[in-house]
Amino acid sequence: MTEMPTPRLAADVFQQRLLDWFDRHGRHDLPWQSPRSAYRVWVSEIMLQQTQVTTVIPYFERFMARFPTLEALAAAPQDEVLHLWTGLGYYARARNLHKAAQEALDSHGGQLPTHSVEALTALPGIGRSTAGAIIAQSTGQRAAILDGNVKRSLARLHAVAGWTGKPAVERRLWALADYYTPETRLADYTQAMMDFGATLCKRSTPLCEHCPFNDVCLAYAQGETKRYPESKPKKVLPTRETIMLLLHDRDGRVWLEQRPASGLWGGLWSLPQFDGQERLNDWLADNVVRPERLSPMPCLTHTFSHFRLAITPQPVSCDRLQGVREGGTWYDPAHPPAIGLAAPVKTLINQLAPFSLKSTPGRA
DNA sequence: CAAGCGTGGTG
DNA sequence: TCACCAAGCTT
């Protein structure tokens, strides 16, 4: 399938050097490594997508304590899965994880289909690299991975030009990743590749003096390690404006609404959000909200990956409510156990973050 | 294929 | 303070 690449060194030599390095300097005590099961590896790989190890570990521990098995995950309400994901970001991962667990229960006898990359990638949230990581680590079958660490390492070793997210560049890196993948010690090799990229062939300040490949690395030979991998072409961050309404009743409870099932903060709970003053006025009228006193709110901005959100300085707080219709619920900041981001609000911007409720309380 | 999707760390 | 981006996948 993949064309034969031009290697920098023979595959068996590459594997030997990497595994020697891994035995000495690799990470051998990550939570998902012991006990190592397909389920635990799967959950960890999903959490680790675009997310650092140190961030993931506490989320992984909590998740495993609550959902120790695939069956437990499949049986849970989505709200509860999102609850444990709150603060981790990329919430489609949680929705897909939940859905995939149910599909595995229905169609694969409650087990992950780890017999092939194709079967795994058929599940929502599992792409080629994640499938390879799950298979290699949980079954020891030969399967390649190509995550950010491997992309960066191989781009340097081979001085691969171009942004590694570009399909043509990615194809070439997949061919290299596949070429170097061994037939044995797949779990160790896979972990070794990720550890190598994360701790030695780092994005900035790679430790080339200690690298087992510094005699064959093209980027190092050219003195150009900083050039690889090339960064994504920059684009101007668009700014979106929005109004977020902070309503609270006399008990200090806050009105939250569940967001649409997909898109930004999909399925989570947040302050009601409006495109403009017009929409806000409509909502206030529909809900018979009669604020007696409005308090000003400073203009806030929140930067997302692809845009900057500006929260306009509207009067968005009121002390008295005549009535609010359906579509949301009251959240008591003083009794936060059901809320994911329950920690005492440090800054106002955090109040705009999404929430996930374990269950939906009754309407006000 | 390009855009959408979060949050926290880093220099 | 701020640009940059990390164990990617979906649409």
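Every chain is numbered from 1, with letters handed out A, B, ... down the list of sequences. On a predicted model such as this, the values are computed, not experimentally measured, just so you know.
Proximity of a side-chain donor or acceptor of A/R93 to a complementary backbone N or O of A/I46 within less than 3.5 Å is detected.
We find that CD of A/Q50 is positioned 12 Å from P of B/dG6, with the value rounded to whole Å. Distance, A/R152 CZ to C/dG8 C1': 14 Å, rounded to whole Å. Atom-to-atom, CG of A/L88 to P of B/dG8 comes out at 9 Å; the value is rounded to the nearest Å. Protein atom CD1 of A/I57 is 19 Å distant from nucleotide atom P of C/dA6, rounded to whole Å. A/K226 has its NZ atom 12 Å from the P atom of C/dC5, to the nearest Å.
A centroid separation of 6.0 Å or more is found between the aromatic rings of A/F67 and A/Y39. Aromatic ring centroids of A/Y189 and A/Y180 lie 6.0 Å or more apart.
If you find the closest nucleotide of DNA chain B to A/S204 and to A/R95, the one lying nearer the 5' end belongs to A/R95. Along DNA chain B, the nucleotide nearest to A/G263 and the one nearest to A/W163 differ in position, and the one closer to the 5' end is contacted by A/W163. A residue-by-residue look at A/G197 and A/G125 shows that A/G197 has its nearest nucleotide of DNA chain C further toward the 5' end. Mapping A/D195 and A/T121 onto DNA chain C via the closest heavy atom, the residue that lands nearer the 5' end is A/D195.
Comparing B/dG6, B/dC1, C/dC5 by their closest approach to the side chain of A/P167 singles out B/dC1. In the set B/dC1, C/dC4, C/dA6, C/dA6 carries the atom at the smallest distance from any side-chain atom of A/Q52. For A/Q49, counting side-chain heavy atoms from C-beta on, the closest listed nucleotide (C/dA6, B/dG6, C/dC9) is C/dC9.
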Handout entry: Test side chain to side chain donor-acceptor pair (under 3.5 Å) applied to A/R27 and A/Q33, step by step
Key = CA-CA 9 Å; A/R27 291 175 287 195; A/Q33 292 175 320; over 6 Å; no

Exercise for the section: Evaluate salt bridge (charged side-chain N to carboxylate O under 4.0 Å, His left out) for A/D215 paired with A/R17, printing each intermediate quantity in order. Expected result: CA-CA 12 Å; A/D215 61 326; A/R17 290 194 193 181; 2.8 Å; yes

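Across all their heavy atoms, A/F63 and A/V43 have their closest contact at CD2-CG1, 3.8 Å.
A cation-pi arrangement, defined by a distance under 6.0 Å to the six-membered ring centre and an angle within 45 degrees of its axis, is present between A/R62 and A/Y59.
Among the atoms of the strands shown, only primed sugar atoms or phosphate atoms (P, OP1, OP2) are found under 4.0 Å from some heavy atom of A/S231. Contact annotation for A/L30: base contact, defined as any heavy-atom pair under 4.0 Å involving a base atom. Within 4.0 Å of A/V53, counting heavy atoms only, lies at least one base atom of the nucleic acid.
The side chain of A/Y90 contributes no N or O atom lying less than 4.0 Å from OP1 or OP2 of C/dA6. Between A/K232 and C/dC4 there is no side-chain polar atom (N or O) within less than 4.0 angstrom of OP1 or OP2. At C/dC9, one or more side-chain N or O atoms of A/T130 fall inside 4.0 Å of OP1 or OP2 (strictly under the cut-off). Checking the phosphate oxygens (OP1, OP2) of B/dT7, a side-chain nitrogen or oxygen of A/W265 falls inside 4.0 Å.
Residues from residues 32-47 of chain A with heavy atoms under 4.0 angstrom of DNA chain C, sorted by number: A/W32, A/E45. Within residues 134-147 of chain A, the residues that have a heavy atom under 4.0 Å from DNA chain C are, in order of number, A/D147.
In the interface, the side chain of A/T51 is paired with the base of B/dG6 through a donor and an acceptor atom under 3.5 Å apart.
Note on A/E224 versus A/R156: no salt bridge recorded, every NZ/NE/NH1/NH2 to OD/OE distance being 4.0 Å or above. Note on A/K166 versus A/E170: no salt bridge recorded, every NZ/NE/NH1/NH2 to OD/OE distance being 4.0 Å or above.
Taking the P atoms as reference points, C/dT11 lies 14 Å from B/dG6, given to the whole Å.
In this model, no donor atom of one side chain and acceptor atom of the other lie less than 3.5 Å apart for A/E45 and A/T130.
Ring geometry, A/F22 versus A/H28: the interplanar angle falls from 30° to 60°, so the pair is classed tilted.
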